[in-house]
Amino acid sequence: MPDQASPSELDARHTAEFLRVKALAERGVATAQHSLGFMYVNGQGVPRNYELAVAWYRMAASAGLEQAQYNLGVMYQKGQGVAQDLGQALYWYRQAAEQGYVQAQYNLGWLYAKGQGTPADVHEALHWFVKAAEQGDPGAQHNLGMMYEGGKGVAQDVEQAIAWYRKAAEQNYARSQFNLALRYDSGQGIARDVQQAIHWFRKAAEQGYAPAQFNLGLRYDKGQDLPQDSEKAILWYGRAGEQGHASSQFNLALIYDAGHGVARDPQLALAWFRRAAEQGHAGAQDNLGLRYEHGQGVEQDYAQAAHWYVQAAGQGFAGAQYHLGQLYDAGHGVPQDPSVALDWYRKAAEQGHLRAQFDLALRYESGNGVQQDEREAAYWYRKAADQDYAPAQYALGMLLDRDDTGTVDPRQATMWYRKAAEQGHALAQFALGLRHDSGHGAERDYEAAHFWYLCAARQGHARAQFNLGVMYAAGQGVPTDLVEAYAWLHRAGAAGIAPAANYIRRIAARMEPALLAQANGYIGAA
């Protein structure tokens, strides 16, 4: 039957046991001396007293009791009841380890691995981890796996690493379960098996290991190897996030911010962004900066925006570097300084940030805050254009077309116009239409010219509308259609293209009254 004793009765029993053990300890019984030290450490039957614990542990340790030697080492390592002294911790761990005490072997290996209380010695670390691992200690087995995986103190051997991870994982050692999952997931040193990977990720996650919880959350979030399930993603991200796992906190914020599979909750998103940002997550810091800059969910505060951008930019986060450059450009929250802005744009651009590359090119082309340099402009336009950024492709085409660049290349310009035009860029569509219309930098092709003018005209490009009207009137690249010509020229005229009025009069004079009425009706309907 379970013990039904009251707390006061239990205290009395503990006190009685303390007195019994104390009597034996005072007669020199080493095991009793150790037990008495343990009682003082835990406040069992007596008020907690680390100094007296150390004194009794020392008596038992000096008598050769390995468990007392180990516990005395722990007290020196932690600085409990005695000044912290890692050299003394090492000494006492070794006394116990040489007697085969497994926890001491593990701790001794750790001190050698970390160079604490002794110069780092990877071979000594390996020696003691092997001793402890062979006795079944999962922490030592895991560390051996890490050493084989990294080739530290031993030839690199991924298969051996996996074997040690498996031994520890089968003892429910979460870090080894996670590492074993990673190997199954990557197929490194073992046949790839996604289901085994998920099995071991789940084992580690259920024990509260935050990286494994994040991994499961990510899979449910993205529908990767598991059915997409935002609620389960939130569950696992939340468990890891509550432990301070910054990437989980950031991903939780993204889910709530977008309302991805759950009700959108901007304030909860903001709270998670803040928690991740305060732990140094650069993406969260940049996101928090954006919110302060634009007053999203918080009162607009440029100084706070600058604070968070600086944190992320200092970690090399390209988006924050670009946003910080924009603040320096405008003098928002920081002193206005185009040269500092330029430095931040360049840092972001050199990391491949598309908008930074484009803005940097604009500056070099215009000479805004920097000496004008069209070659440098072309360099950065090309960087952004290679990322399929249509405005950069169009701007690069324009630059290659100019006589003052020294690199006039009409065919190259046409290529970049086409890339931008195919993405729906109206200015590039018009430019491409002109080239096919004139035969400059491309084969003269009125049908192609008509096609690209039409694309741009439908987006409201006034000159394309005018040219399209002229082509319909002349039957150039398309059958003559006075109604279409009349309609497009009216649109161009309304947009401020002055010559359109003269063309409209001439076309009207060519039309029968009924056709003119149809054309006017068409314009009214449009």
Side-chain angles (χ1 to χ4, degrees), residues 358-359 361-362 365-366 368 377 381 384-385 388-404 410 413-511 515-526:
F358 184 66
D359 285 8
L362 286 173
E365 185 177 7
S366 66
N368 177 20
Y381 278 141
D388 279 336
Y389 188 52
Q393 292 169 336
Y394 171 71
L396 183 57
M398 292 285 287
L399 207 57
L400 290 170
D401 251 351
R402 289 223 299 268
D403 290 336
D404 55 352
T414 300
M415 181 196 76
W416 288 112
Y417 286 144
R418 186 176 300 279
K419 286 179 180 289
E422 288 170 350
Q423 292 193 68
H425 193 281
L427 295 174
Q429 291 168 341
F430 175 69
L432 198 54
L434 275 179
R435 296 177 101 67
H436 284 298
D437 199 355
S438 66
H440 173 67
E443 296 298 323
R444 176 168 280 166
D445 183 339
Y446 291 128
E447 287 186 8
H450 169 266
F451 172 79
W452 289 114
Y453 284 151
L454 183 60
C455 289
R458 285 173 173 166
Q459 294 193 67
H461 191 288
R463 285 189 61 202
Q465 292 168 342
F466 175 77
N467 287 11
L468 195 59
V470 172
M471 293 189 87
Y472 273 114
Q476 198 172 48
V478 66
T480 302
D481 188 331
L482 297 180
V483 173
E484 281 288 332
Y486 192 81
W488 283 113
L489 287 164
H490 260 283
R491 290 173 188 168
I497 303 297
N502 186 43
Y503 272 89
I504 290 168
R505 283 193 298 272
R506 288 159 58 186
I507 290 168
R510 293 167 57 189
M511 298 169 77
L515 193 60
L516 184 57
Q518 180 187 338
N520 282 318
Y522 184 43
I523 295 166

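Annotation for Ala456 and Ala464: closest pair CB-CB, 3.7 Å, computed over non-hydrogen atoms. Smallest separation of non-hydrogen atoms from Ala420 and Ala390: CB-O, 3.5 Å.
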> Step by step, would you call Tyr486 with His490 a ring-ring contact (aromatic ring centres under 6.0 Å, His included)?
Replying inline: CA-CA 6 Å; Tyr486 192 81; His490 260 283; 4.6 Å; yes
- prompt: Where do Asp401 and His440 land on the side-chain contact (heavy atoms from CB on, under 4.5 Å) test, with the steps shown first?
  reply: CA-CA 10 Å; Asp401 251 351; His440 173 67; 4.0 Å; yes
TODO: Kindly indicate, with the supporting measurements, whether the criterion ring-ring contact (aromatic ring centres under 6.0 Å, His included) is fulfilled by Tyr417 and His425.
DONE: CA-CA 9 Å; Tyr417 286 144; His425 193 281; 9.3 Å; no
Requested in this report: Take Leu482 and Tyr472 through the test side-chain contact (heavy atoms from CB on, under 4.5 Å) and record every step on the way to the result.
Outcome: CA-CA 7 Å; Leu482 297 180; Tyr472 273 114; over 6 Å; no
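Side-chain atoms of Gln423 and Tyr389 form no donor-acceptor pair, as typed in the model, at a separation below 3.5 Å. Of the N and O atoms on the side chains of His461 and Tyr453, not one donor lies less than 3.5 Å from an acceptor on the other residue.
Aromatic ring pairs are classed by plane angle as parallel below 30°, tilted from 30° to 60° and perpendicular above 60°; the pair Phe358 and Tyr381 is tilted.
For Arg506 and Tyr503, the positive end sits near the middle of the six-membered ring, less than 6.0 Å away and at most 45° from its axis.
Environment of CD in Gln459: crowded, with over 12 heavy atoms of neighbouring residues, nucleotides or ligands closer than 6.0 Å.
Using modelled atom types, one side-chain atom of Gln465 and one backbone atom of Ala457 make a donor-acceptor pair closer than 3.5 Å.
When Val483, Leu454, Asn467 are each tested for a side chain to side chain contact (heavy atoms under 4.5 Å, CB included) with Trp488, only one passes: Leu454.
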